[in-house]
Amino acid sequence: MLIKVPQGQDIEYAGEGTLKEIFVELDKGLLKKYIAARAEGEHVDFHTRLRSDAEVELIPWDAEEAAWIYRHSMSHVLAQAVVRLFPEAQLAIGPAIEDGFYYDFDVEEPFTPEDLKNIEKEMKRVIKQNHKFERVEVSREQALEKIGDATYKNELLADLAEDQTLSFYQDGEFVDLCRGPHMLGTGQVKHFKLLSVAGAYWRGDESRKMLQRIYGTAFATREALDQHIAMLEEAKKRDHRLLGKQLELFHIDEEVGQGLVLWMPNGAVVRTELQNFISAELRRQGYKQVYTPHIGKLDLYRTSGHFPYYQDGQYPPFIEKDHLRKLADEGCSCGDLASQMEAGDIDGYLLKPMNCPHHIKIFASKAHSYRDLPVRLAEFGTVYRWEQSGEIGGMTRVRGFTQDDAHLFCMEEQVAEELLQCLELVKIIFGTLGMADYRVRVGLRDPDSSKYVGEPAKWDRAEEACRQAAESLGVPFSEEPGEAAFYGPKIDFVVKDVVGREWQLGTVQVDYNLPERFGLEYAGADGQMHRPVMIHRAPFGSMERFVGVLIEHFAGAFPVWLAPVQAVVLPIAERHAEFGAEVRKELLAAGIRVELDAASETLNKRIRQAQMKKVPYMLIAGDREVEEGQVSIRLRSGENLDALSVADAVAMMTEKVAQKAEV
RNA sequence: GCCGCCAUAGCUCAGAUGGUAGAGCAAUUCACUCGUAAUGAAUAGGUCCACGGUUCAAUUCCGUGUGGCGGCUCCA
């Protein structure tokens, strides 16, 4: 048969053979350079048997996909070590993931950090023994026999399609049901580290058993591993929870409540600047600003459908206390109360889980004609959601947050244009802040599901509009069927935090449902009443999450326009303090957030303090400067600028702020 | 919510097989008046997260709760 090799010479091979046999015959050293291969577009390892002509591309060790292969092999090594040390451990699954791998085990006692060390030692032994990974393809009957009574493996097997090729990989005494591919032997990758243990439900289903998951990572070289570990350490320093404390940006207090953010003065500056920035953009796009209260009647949310449908995600409703007392006197139990509330027999108030019902009521408070549309109502609206306690943390996952929310009421034929404008806004925001590392998700409906409201034809048009809008944005996006909300398709912006976790920030959603539920209408050119379409959009998502991500993005060193303190005046000695005070006054008058640090500390120390607060400009004044009426400028980068007159320094800083420049 | 780990001064952390505790930084005061990342000294600072239990005695051991961290899951 003929084997085409894009990287080298084609091979003519007599009869069948595994890739290993075929390539080793050619060049023994080849196996050192390549980890596995791709044959006919599929990843295969060197154990794959070729039976007819094929095109085989070899995957070098430094290719990105190589990591997925050897990390998966490493998860087998992990499982092998665990089984040696804990023979009663049941194996579940063990895939490679981005930057690492894990394996889930069912064990009586959870693993301790001590266990982890021992497991690492045993893994090193497995690596040293350099067992060959052997692939065995079997029939379903053979597979069942091999698996025996291993429950998780049986379940995995049962879910594999009838016509699926079943394969096992064996290395030394260890066998695991596995699709592969794998590297050739356990000795090929020596640089790994186990990182953590965590509970994980079998198949992510909380009604099933909680297993013990061990996370680890592996690299082809020692340098790459060390570099990765160093990167993780570095990332920890950018963590917004740490910086939020150091820079006094926000505080979360257990007496106030889990997931409720207190914005400290420094954080409030950042937030206010961002809000001013977006408000200016909104005015430019014809939005109208509104204000609405934090609560609304249960009936409002019955109409919108938020209550009781999403009840689990909300703070419980409040009911007037005399009414409660009366119910209690009548012998009403808590269970009765809940069902009466759900049935709508009792009214009460709810902390708003979303801003849309209030905005809808503003829209509906007067008659609209097609000439008014689109109506765009914007509000920094604070909403409250009862997130699960285990999911809360920092500013990125909270229970009370302020969305930079807006609702657009428009005619169906205006949807495409409005979507485009929304995305334009997101693009401006992300561009201004230098956030280039985001991905766009277009959530489409699942063609096999009937949970969606609205006519299919409208959906088709809206989905097409989303697709087009995303395309015109000029960044790569993924279409994700089944990810649409039940009421309409959406476009989400997802960014990664320093630890690689993804967060959804901005979102733009088309909605056919709420206009229907609230009976919204406008008078068309034809004299008939028509139903508007709504678009929900929040380019930041929430101020809390956005600022959290932004803190990490800038590692706390905000660009001048956002910096809580933009400049610190540092008089060198006491005799310069008076001049320093004047400089401060002039800067304040120019609207610059400035502080004077005339403490009786050395200049070095005060520079260090300003540096640690990540203040963009340090204005230093000693004898020379006082004499000339100047200030020396040190940037937080450590760079020194030439001395400027105070007026020039003010002009320079004001200019940088206006440009929204970094420094 | 579930599994594991954790909670000591404003912050970062040390500590005792059970006898109520320490460091560095920050703060305050004093001296120093300094030219681009930590001047020196002194002082003050604690319900050792909360509530129960065991014990002569609990910050330490046990239980429960609250909160934090790492995951799982959910996110209109």
Side-chain angles (χ1 to χ4, degrees), chain A residues 102 104 106-107 109-113 115-116 195-215 236 239 241-242 245-246 248 251-259 301 304-307 309-314 353-354 356-357 383 385-394 397-399 483-488 490 492 499 501 503-504 507 509 511 513-514 536 541-542 545 570-577 598-613 618-625 632-636 638-641 643:
Chain A
Y102 69 79
D104 284 349
D106 185 359
V107 278
E109 292 289 317
F111 297 115
T112 63
D115 291 337
L116 230 55
L195 298 171
S196 62
V197 204
Y201 296 106
W202 169 234
R203 302 204 139 177
D205 181 345
E206 63 184 300
S207 68
R208 318 253 349 227
K209 189 159 187 186
M210 168 91 39
L211 307 175
Q212 294 299 314
R213 174 173 300 178
I214 297 179
Y215 282 94
K236 274 192 204 152
D239 192 314
R241 292 166 295 195
L242 189 70
K245 197 174 275 182
Q246 277 171 11
E248 300 181 357
H251 172 66
I252 294 172
D253 194 289
E254 81 176 80
E255 267 193 273
V256 173
Q258 207 186 8
Y301 299 104
S304 71
H306 294 116
F307 188 88
Y309 188 50
Y310 290 111
Q311 204 175 171
D312 289 348
Q314 291 160 180
M354 288 192 116
C356 21
V383 298
R385 300 182 190 178
W386 187 261
E387 301 293 350
Q388 296 197 100
S389 61
E391 214 13 271
I392 292 173
R397 201 54 169 156
V398 293
R399 281 184 172 160
E483 286 302 303
F486 72 89
Y487 51 76
K490 59 176 184 173
D492 290 332
V499 210
R501 286 180 294 209
W503 297 104
Q504 184 194 306
T507 179
Q509 313 185 344
D511 187 353
N513 179 48
L514 287 176
H536 309 243
S542 87
R545 180 176 291 180
L570 301 173
I572 288 178
E574 228 166 70
R575 62 181 180 280
H576 312 122
S600 78
E601 301 283 359
T602 58
L603 179 64
N604 275 345
K605 175 140 181 191
R606 286 175 291 147
I607 285 176
R608 180 181 150 82
Q609 281 168 342
Q611 196 79 45
M612 289 197 308
K613 285 193 208 149
M618 288 162 234
L619 310 184
I620 298 165
D623 290 334
R624 289 201 297 272
E625 288 80 5
S632 287
I633 301 184
R634 178 193 161 105
L635 306 181
R636 68 183 155 203
E639 188 190 343
N640 291 305
L641 306 183

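The chains referred to below are lettered A, B, ... by the order of the sequence lines, with proteins before strands, and numbering in each begins at 1. Excluded from the calculations below are hydrogen atoms, water molecules and symmetry mates; all remaining heavy atoms, backbone and side chain alike, are included. Predicted model only: the values in this text are computed from it and were never measured.
At a cut-off of 3.5 angstrom, counting only N and O atoms as typed in the model, there is a donor on one side and an acceptor on the other between the side-chain of A/Y201 and the base of B/G1.
No salt bridge links A/R203 with A/D205; every basic N to acidic carboxylate O contact stays at or beyond 4.0 Å.
Where RNA chain B pairs in unbroken runs of 3 or more (Watson-Crick or G-U, both distances under 3.5 Å), the stems are B:1-7 with B:66-72, B:10-13 with B:22-25, B:27-31 with B:39-43, B:49-53 with B:61-65.
Looking at residues two or more places apart in sequence or on another chain, you find no salt bridge (charged side-chain N to carboxylate O under 4.0 Å, His left out) involving A/R634. Shown here are the salt bridge (charged side-chain N to carboxylate O under 4.0 Å, His left out) partners of A/D104, two or more places apart in sequence or in another chain: A/R213. Every residue meeting the side chain to side chain contact (heavy atoms under 4.5 Å, CB included) condition with A/I252, not counting sequence neighbours, appears here in chain and number order: A/F250, A/V261.
The residue A/F486 sits apart from the nucleic acid: no heavy atom pair falls under 4.0 Å. A/I392 comes within contact range of the sugar-phosphate backbone alone, with a heavy-atom separation under 4.0 Å but no base atom that close. Within 4.0 Å (heavy atoms only), A/Q314 reaches at least one base atom of the nucleic acid. Contact annotation for A/G257: no contact, since no heavy-atom pair falls under 4.0 Å across all strands.
Taking the C1' atom of each, B/C11 and B/U64 are spaced 30 Å apart, rounded to whole Å. To the nearest whole angstrom, the two C1' atoms, one in B/U33 and one in B/G40, are 14 Å apart. Only the P atoms considered, B/C5 is 43 Å distant from B/A41, to the nearest whole Å. B/G22 and B/G65 have their P atoms separated by 34 Å, given to the nearest Å. Of the P atoms belonging to B/U47 and B/U59, the separation is 13 Å, rounded to the nearest Å. Using P as the reference atom, B/U20 and B/A57 are 15 Å apart when rounded to the nearest Å. Nucleotides B/A42 and B/U66, compared at atom C1', are 40 Å apart to the nearest Å. Between the C1' atoms of B/G24 and B/A38, the separation comes to 12 Å (whole Å).
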*Starting at the 5' end of nucleotides 28-36 of chain B, put B wherever the base has a protein heavy atom under 4.0 Å, S where only the sugar-phosphate does, and a dash everywhere else.*
---BBBBBB
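Checking B/G1, B/A76, B/A38 against the side-chain heavy atoms of A/E206 singles out B/G1 as nearest.
Between A/Y215 and B/C72 there is a side-chain polar atom (N or O) within less than 4.0 angstrom of OP1 or OP2. The shortest distance between the side-chain N/O atoms of A/Q258 and the OP1/OP2 oxygens of B/G68 is below 4.0 Å.
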Each nucleotide N or O in nucleotides 3-9 of chain B that has a protein N or O under 3.5 Å away: list the pair and distance.
| from | atom 1 | to | atom 2 | distance (Å) |
| --- | --- | --- | --- | --- |
| B/C3 | O2' | A/Q212 | NE2 | 3.0 |
| B/C3 | O2 | A/G199 | N | 3.2 |

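Residues A/W202 and A/R397 both approach RNA chain B. Their nearest nucleotides, taken by heavy-atom distance, put A/W202 toward the 5′ side.
One interatomic measurement links the two molecules: CD of A/Q388 to P of B/G68, which rounds to 14 Å at whole-angstrom precision.
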